[in-house]
Participant: 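One structure coming up, written as structure tokens, with questions to follow.
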Amino acid sequence: MAEYSTCPVRQVISKFGNKWSILILYSLHTSERGILRFNELRLLIPDCSPKMLSATLKSLEQSHLIHREIYPVVPPKVEYSLTTTGHSLMPVIMALIEWADQHFDEIVTKKNF
């Protein structure tokens, strides 16, 4: 059982394998400039509470998947973008999104008895 808790794949996927992280990464990836501010993300992901959005952004930043740029202006201006590591993850996430789209009916709407 000790091997499971130290599995490198488990450790890496735990850093972005939740719905909010994937939605944030996708939103940054598909944004026109590749940069979004907190309130822009809130508008794109309205069912994510501000507290959860903030916590997820911090986690993604700590995992080196997104970059947080703070500008020394009043009021404060903060922008988020993908890091090189974050960009390298996007083909995998895009493949997962495509797979989910193809299998949505089979997995979400059909009841398994």
Side-chain angles (χ1 to χ4, degrees):
M1 199 56 140
E3 186 177 314
Y4 175 73
S5 65
T6 59
C7 172
V9 173
R10 176 182 180 213
Q11 299 299 316
V12 170
I13 290 176
S14 72
K15 302 297 183 180
F16 65 86
N18 62 71
K19 68 179 177 180
W20 303 126
S21 292
I22 290 174
L23 288 172
I24 290 168
L25 293 168
Y26 176 80
S27 296
L28 288 169
H29 177 69
T30 58
S31 72
E32 225 173 85
R33 299 177 300 128
I35 296 169
L36 291 170
R37 296 181 69 183
F38 185 87
N39 283 333
E40 291 173 312
L41 284 163
R42 281 193 62 204
L43 291 173
L44 291 169
I45 314 169
D47 52 334
C48 183
S49 72
K51 182 178 177 180
M52 181 56 72
L53 179 58
S54 181
T56 306
L57 287 166
K58 283 181 186 176
S59 175
L60 290 170
E61 182 183 11
Q62 290 170 350
S63 299
H64 307 286
L65 294 172
I66 65 169
H67 172 71
R68 181 177 182 236
E69 184 74 32
I70 306 167
Y71 296 91
V73 295
V74 176
K77 179 181 176 183
V78 179
E79 294 179 334
Y80 298 92
S81 60
L82 294 173
T83 62
T84 302
T85 304
H87 278 290
S88 72
L89 175 61
M90 290 317 300
V92 176
I93 289 179
M94 296 307 289
L96 177 61
I97 290 169
E98 182 180 329
W99 180 89
D101 190 42
Q102 290 173 356
H103 297 280
F104 179 83
D105 288 336
E106 174 184 344
I107 293 173
V108 175
T109 60
K110 289 186 181 176
K111 295 181 181 182
N112 298 325
F113 290 99

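Since this is a predicted model, take the numbers as computed values, not measurements.
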Participant: For residues 36-53, which side-chain donor-acceptor pairs fall under 3.5 Å, sequence neighbours excluded?
Facilitator:
residue, atom, partner, partner atom, Å
E40, OE1, R37, N, 2.6
S49, OG, M52, N, 3.1

Participant: Verify the neighbour count for atom NZ of K58: are there more than 12 heavy atoms of other residues, nucleotides or ligands below 6.0 Å?
Facilitator: no
Participant: Of all the heavy-atom pairs spanning G34 and S81, show the shortest one and how long it is.
Facilitator: O-CB, 3.3 Å
Participant: Please report the interatomic distance OG1(T30) to CG(L25), rounded to the nearest 0.5 Å.
Facilitator: 10.5 Å
Participant: Please set out all donor-acceptor pairs under 3.5 angstrom arising from side-chain atoms of residues 84-95, sequence neighbours excluded.
Facilitator:
residue, atom, partner, partner atom, Å
S88, OG, T85, O, 2.7

Participant: Suppose clustering is done on Ile, Leu, Val, Met, Phe, Trp and Tyr with side-chain heavy atoms closer than 4.5 Å. Which residues sit in the same group as V74?
Facilitator: none
Participant: Can you list everything that forms a side chain to side chain contact (heavy atoms under 4.5 Å, CB included) with S21? Sequence neighbours excluded, please.
Facilitator: F16, N18, T56, L60
Participant: Can R68 and L57 be said to form a side-chain contact (heavy atoms from CB on, under 4.5 Å), step by step?
Facilitator: CA-CA 9 Å; R68 181 177 182 236; L57 287 166; over 6 Å; no
Participant: Which pairs pass side-chain hydrogen bond (donor to acceptor under 3.5 Å, both in side chains) with one or both residues in residues 91-102, sequence neighbours excluded?
Facilitator: E98-Q102, W99-H103
Participant: Can you name the residues that form a side chain to side chain donor-acceptor pair (under 3.5 Å) with H67, not counting sequence neighbours?
Facilitator: E69
Participant: Quick one: hydrophobic cluster around V73, which other residues, with the 4.5 Å side-chain cut-off, linked directly or via members?
Facilitator: Y71
Participant: So how far is it from L65 CG to T83 OG1, rounded to the nearest 0.5 Å?
Facilitator: 5.5 Å
Participant: What residues, two or more places apart in sequence or in another chain, satisfy side chain to side chain donor-acceptor pair (under 3.5 Å) together with E61?
Facilitator: none
Participant: Under the salt bridge (charged side-chain N to carboxylate O under 4.0 Å, His left out) rule, collect the residues that match up with K19, sequence neighbours excluded.
Facilitator: none
